[in-house]
Amino acid sequence: IKLAEERKNLRRDVAKRAAEYQTRDDEMRTEAEQAVARARDMQAKLSAARQDRQKVEGKLREQLQQLQTEWQSEREGNVQSQEVVEGWGRMHEELLLLRSEGAVAEA
C-alpha cells in the first residue's frame, strides 16, 4: 500500500512539474513572440527614420547647392563691381591729370 501511495504521489508530482514546465514554456513562448514583434516594430521605425533622414539630407544638399550658386554669383558680381570702381578710379585720375595739364597749359 505504501509503495502504491508513493507511486501515486510521484506521478502527481511529475504531472504537477510537467504542468509547471508547460506553463513556463507557454509564458516564454509568449515573451519571445512579443520580443520579436517589438523588434520588428523597432526595425520598421528605424527604416522610416532612415528614409526621413535621407529626404532631409537631400533637401539640405539642394539648399547648399543653391547657396553655393548664389554665393558664386554674388562673388562674380562683386568682382565686376570692383573692376568698375577701379576703372572709374583710373578715369578720374586721368581726368585730374588732364585738368592739371590743361591748367598748366593755360598759365
Side-chain angles (χ1 to χ4, degrees):
I1 297 180
K2 252 187 172 185
L3 187 58
E5 214 173 285
E6 284 181 23
R7 284 184 188 170
K8 184 179 174 185
N9 288 339
L10 185 58
R11 285 183 192 153
R12 186 184 66 227
D13 289 345
V14 168
K16 184 178 176 182
R17 284 189 189 152
E20 289 171 357
Y21 289 146
Q22 183 62 45
T23 301
R24 184 66 183 137
D25 182 58
D26 292 343
E27 290 171 354
M28 291 176 75
R29 183 173 286 124
T30 301
E31 288 175 15
E33 289 169 355
Q34 290 173 348
V36 167
R38 285 191 304 269
R40 285 183 183 150
D41 183 49
M42 195 58 113
Q43 188 175 20
K45 287 179 183 178
L46 285 172
S47 178
R50 207 173 288 122
Q51 289 175 353
D52 289 346
R53 186 197 77 229
Q54 289 172 346
K55 287 178 187 177
V56 169
E57 285 176 349
K59 288 179 183 178
L60 288 174
R61 274 191 223 100
E62 289 174 13
Q63 290 177 353
L64 179 61
Q65 184 63 39
Q66 288 175 341
L67 287 173
Q68 287 174 336
T69 301
E70 290 174 15
W71 179 80
Q72 187 64 32
S73 296
E74 288 291 324
R75 186 173 174 214
E76 290 171 2
N78 287 340
V79 167
Q80 290 174 352
S81 296
Q82 185 65 33
E83 290 172 354
V84 168
V85 168
E86 289 172 2
W88 181 84
R90 284 190 301 272
M91 289 171 48
H92 183 68
E93 287 176 12
E94 288 178 25
L95 179 62
L96 292 176
L97 182 62
L98 287 174
R99 282 184 183 167
S100 68
E101 288 175 359
V104 168
E106 287 179 6

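More than 12 heavy atoms of other shown residues, nucleotides or ligands fall within 6.0 angstrom of atom CD in E27. In this structure, E20 places its CD atom where more than 12 heavy-atom neighbours from other residues, nucleotides or ligands lie under 6.0 Å away. No more than 12 heavy-atom neighbours from other residues, nucleotides or ligands sit within 6.0 angstrom of CZ on R99.
Between the CZ atom of R61 and the NZ atom of K59 there is a distance of 13.0 Å, given to the nearest 0.5 Å. How far CD of E74 is from CG of L67: 11.5 Å, rounded to the nearest 0.5 Å. Distance check, rounded to the nearest 0.5 Å: CG of D26 to CE of M28 gives 11.0 Å.
Using a 4.5 Å heavy-atom cutoff, the side chains of Q68 and L64 are in contact. For the pair R38 and D41, the minimum side-chain heavy-atom distance is 4.5 Å or more. The closest side-chain heavy-atom distance from L97 to E93 is not below 4.5 Å.
Remark: the backbone N or O of Q43 is not paired with any side-chain donor or acceptor of S47 at under 3.5 angstrom.
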Worked check of salt bridge (Lys or Arg N to Asp or Glu O under 4.0 Å) between R29 and E33: CA-CA 6 Å; R29 183 173 286 124; E33 289 169 355; 5.2 Å; no
As a quick check of understanding, evaluate salt bridge (Lys or Arg N to Asp or Glu O under 4.0 Å) for R90 and E94, giving each step before the final call. CA-CA 6 Å; R90 284 190 301 272; E94 288 178 25; over 6 Å; no
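Residue pairs that meet the side-chain hydrogen bond (donor to acceptor under 3.5 Å, both in side chains) test with at least one member in residues 75-86, sequence neighbours left out, are Q72-E76, Q82-E86.
Residues K2 and E6 are not paired through a salt bridge, judged by the lack of any N-O separation under 4.0 Å between the basic side chain and the carboxylate.
Defined by atom type and a distance below 3.5 Å, a donor-acceptor pair is missing between the side-chain atoms of E5 and N9.
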